[in-house]
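Working notes for the structure below.
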There are 2 protein chains.
Amino acid sequence: MGITPSTVSRALAGNERVSSKTRAEVLRVATGMGYQPNILAASLRKGTSDTVGMIVPRINRHFFSHVISGVEAILNPAGFSLLISQTHEREEDEHKAVHTLLRNRVSAIIVSHSVETRNFDHYDKIVSEGIPLVQFDRVTETIAGPRIVNDNFLGALRSTRHLIRNNCRRIAHFAGSLHVNVYRERFEGYKYALQQNGIDFDSGLLVENCILQETGGDAAEELYRAGKIDAIFAASDFSALGALRRLKRMGVAIPEEIKISGFANEPFAALVDPGLTSVEQNAFEMGNQVARAIINNIGRDDFVNEEIHVPVRLIPRSSSLTTGATISIQNSEFNSNL
Amino acid sequence: MGITPSTVSRALAGNERVSSKTRAEVLRVATGMGYQPNILAASLRKGTSDTVGMIVPRINRHFFSHVISGVEAILNPAGFSLLISQTHEREEDEHKAVHTLLRNRVSAIIVSHSVETRNFDHYDKIVSEGIPLVQFDRVTETIAGPRIVNDNFLGALRSTRHLIRNNCRRIAHFAGSLHVNVYRERFEGYKYALQQNGIDFDSGLLVENCILQETGGDAAEELYRAGKIDAIFAASDFSALGALRRLKRMGVAIPEEIKISGFANEPFAALVDPGLTSVEQNAFEMGNQVARAIINNIGRDDFVNEEIHVPVRLIPRSSSLTTGATISIQNSEFNSNL
DNA sequence: GTTTTTTGTGCAAACGTTTGTATTTTTGTA
DNA sequence: TACAAAAATACAAACGTTTGCACAAAAAAC
């Protein structure tokens, strides 16, 4: 009978230098008594846990919950558990979360920064301790390691170009905080599309920090009344929605008078009337990529320092189409060149 | 200098039998060297961790992600971390998740069962080991301990009554699986409302397992063509949405010809045209209650065996209102009596 | 039949805390 | 100054694994 802890440990840890007879016996007894190994003890001894920490601004946002789900789909079958913290977009909470995860001796950390966060020093300790750190969506190049991001630039470029092709010239852009890579890249894509089509960028048509329904509505009303625009490209579906509803309520014909497109393809985009053109991000797929990056980097000391772009897709809907145009829902112009 | 681990431990664990001088010194040195206590070691020694496990069907569903957020909002400040698993509605995954959490020596478990799950034996070990188990939303009385649920019965009753008051008599009910408490209770509320108003329940108007957009559309089309209904009360906003869109596409006037109400007040309910009447569940508040139940039950051996009902609210919108009626959005007929 | 190799187990230390008990130091009192 | 009581600290065991090393038994080689 396998008596000593060492033999039991070896038997349960799969093949090693233990005879098949004793292994069978150990397994029999173990399952018989409903034995559950104490992961804490094992982790303590091994110096590493099978837990991965994840820090997101908010768990209950459509995008983030889908990324989490994508991460989980890969990491769980691989034997990892997920320890999740939300920062509520506060820098202080982000710092706290990092410390909590470190205290829990997670073997890797996944993070999407809060919009507030400017100081990334607290991540130095993670990297210096050899813990893989994977950033996604809201990332900074300040920190070494893999970054998984949407192709914001290309999405914005395509969306803006789509509006231009539908005969818009005076296209407003509702941006987020330009401190955040995500919104900066969308802004760049917008500008690039204008430039490609010989349209001068007009800073009067740029509205910063405009990602909520209300601010979107306000900005749209103001710009429309001033007669400045014939289209809006919003970096957020929410501000696009605000614009759409406000203008509609004001009696503005959409898309005839003003065309609108958003970003993220929130579930409501397909349901509003008229349907809201948007850029689909594959959040679940992004989560998968994040998880794969984690697995690739755990246990090694030289982290790959790459930025992976997850393809996005323009989904044209009625809110941006020239009246009478056919809607090609299957426009799947994936990440080709520009 | 506080040298021995014991003094350090006591110093950091707040007041005890250690002089204020040494405590200060210990703290100084500890912060100076960026000391992070090893929670694994502490948990191993103490026999309990500050981690709570949570099992949900899907992380990325609006309702569940909001419950998670609500749990986290209370548990994190209280010093607990959340270990989350999703079951993808599969019984096998639920069993696995339970074992993973047990191996991780979580100090409590929160669960909402998958629709598939019929066998709850694997929870016996949890309860017998004295680990608090809190169920929410999808619960079973088979397992002892707190259950936090929506007031499905009352929500369904009010919703159905609302349709009746708007002159509907032949009200179909799109239900989920009646094996699941949630859908069973909604069905009961529906029947009770009919009975209260002298309407006979017609089993031909009950559609089981109808909670998706597509099945909702199909059922609605069939019932409408057969001329059997003047209203639909769906146990899910998704099947309600399916019905609404399908009928609208068929040229049926909503609410004039057919009135529709759903359940859950998904974000899209307010945005579709016409607005979809629904029953709002306060998922975040439910999460708070779950967290409080956890905190109340951790460390005690006699678990309170109660069922807490979280109030729901009927939100009437155009899809169910007699034409010309005023919409009282502020109908906040909270959990009073029937 | 002896020696060498291979294979399978046991021993004991280690991971970093916590905590009961023993020991030292300090304080107070006679 | 001596002695008890109180306060502060040290000692050591324990939590449940893993793992290098030693050792025994079996198998292979001579």
Side-chain angles (χ1 to χ4, degrees), chain A residues 1-51 79-81 83 99-107 125 129-131 298-299, chain B residues 1-51 79-81 83 99-107 125 129-131 298-299:
Chain A
M1 283 221 320
I3 307 183
T4 67
S6 36
T7 335
V8 174
S9 172
R10 286 192 256 257
L12 295 176
N15 330 26
E16 247 178 292
R17 325 197 318 261
V18 39
S19 74
S20 44
K21 199 176 64 178
T22 34
R23 178 179 6 268
E25 174 67 5
V26 167
L27 284 177
R28 202 182 56 74
V29 174
T31 56
M33 68 189 286
Y35 169 80
Q36 292 285 11
N38 187 327
I39 287 196
L40 275 56
S43 299
L44 175 60
R45 171 61 231 245
K46 291 197 287 193
T48 169
S49 77
D50 288 340
T51 303
F80 292 95
S81 299
L83 212 47
H99 287 133
T100 304
L101 295 180
L102 284 179
R103 276 202 303 275
N104 276 281
R105 295 302 192 269
V106 293
S107 55
K125 184 186 291 176
E129 291 200 6
I131 299 173
I298 272 183
Chain B
M1 284 220 318
I3 307 183
T4 66
S6 38
T7 339
V8 173
S9 172
R10 286 193 251 259
L12 295 176
N15 331 22
E16 246 179 292
R17 324 193 324 255
V18 40
S19 74
S20 44
K21 200 177 62 177
T22 32
R23 175 173 15 263
E25 173 68 4
V26 167
L27 283 178
R28 202 183 55 75
V29 174
T31 56
M33 67 188 287
Y35 169 80
Q36 292 284 13
N38 187 327
I39 288 195
L40 274 56
S43 298
L44 176 60
R45 171 62 231 243
K46 291 198 288 195
T48 170
S49 77
D50 288 340
T51 302
F80 291 96
S81 299
L83 211 49
H99 287 132
T100 303
L101 295 179
L102 285 179
R103 275 202 304 274
N104 276 281
R105 295 304 192 266
V106 293
S107 56
K125 184 186 291 177
E129 290 200 6
I131 299 174
I298 271 182

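Since this is a predicted model, take the numbers as computed values, not measurements. In the text below, chain A, chain B and the rest are named by the order of the sequence lines, each starting its count at 1.
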Roughly how many Å is it from [atom1] in [X] to [atom2] in [N], rounded to a whole number?
X: A/L12; N: D/dG16; atom1: CG; atom2: C1'; value: 13 Å
X: A/D50; N: D/dT17; atom1: CG; atom2: P; value: 14 Å
X: B/R105; N: D/dT17; atom1: CZ; atom2: C1'; value: 11 Å
X: B/K46; N: C/dT19; atom1: NZ; atom2: P; value: 7 Å
X: A/R103; N: C/dT17; atom1: CZ; atom2: P; value: 12 Å
X: B/N38; N: C/dT17; atom1: CG; atom2: C1'; value: 8 Å
X: B/L40; N: D/dA14; atom1: CG; atom2: P; value: 22 Å
X: A/Q36; N: D/dT17; atom1: CD; atom2: P; value: 10 Å

Nearest to the side chain of [X], which nucleotide is it out of [options]?
X: A/P37; options: D/dT17, C/dT9, D/dT18; answer: D/dT17
X: A/L44; options: D/dT17, D/dG16, C/dT17; answer: D/dG16
X: A/S19; options: C/dT17, D/dT9, C/dT9; answer: C/dT9
X: A/T4; options: D/dA10, D/dA14, C/dC11; answer: C/dC11

Is there a side-chain polar atom (N or O) of A/S43 under 4.0 Å from OP1 or OP2 of C/dC15?
no
Please check the phosphate of C/dT18 (OP1 and OP2 only) for any side-chain N or O of B/S9 closer than 4.0 Å.
yes
Angle between the end axes of the helix from C/dG1-D/dC30 to C/dA30-D/dT1, five pairs per end, to the nearest 10 degrees?
50°
Keeping to residues at least two apart or across chains, list the side-chain hydrogen bond (donor to acceptor under 3.5 Å, both in side chains) pairs with something in residues 35-50 of chain A.
none
Can a donor-acceptor pair be found, under 3.5 Å and without considering hydrogens, that links the side chain of A/S81 to the backbone of A/T51?
no
Could you run down the sub-3.5 Å N/O contacts of the protein with nucleotides 20-23 of chain C?
residue : atom : partner : partner atom : Å
C/dG20  : O6   : B/R10   : NH2          : 2.8
C/dT21  : O4   : B/R17   : NH2          : 3.3

Using only modelled atom types and a 3.5 angstrom limit, is any donor from either the side chain of A/R45 or the base of D/dT17 paired with an acceptor on the other?
no
Side chains of B/S6 and B/S9, donor plus acceptor under 3.5 Å:
no
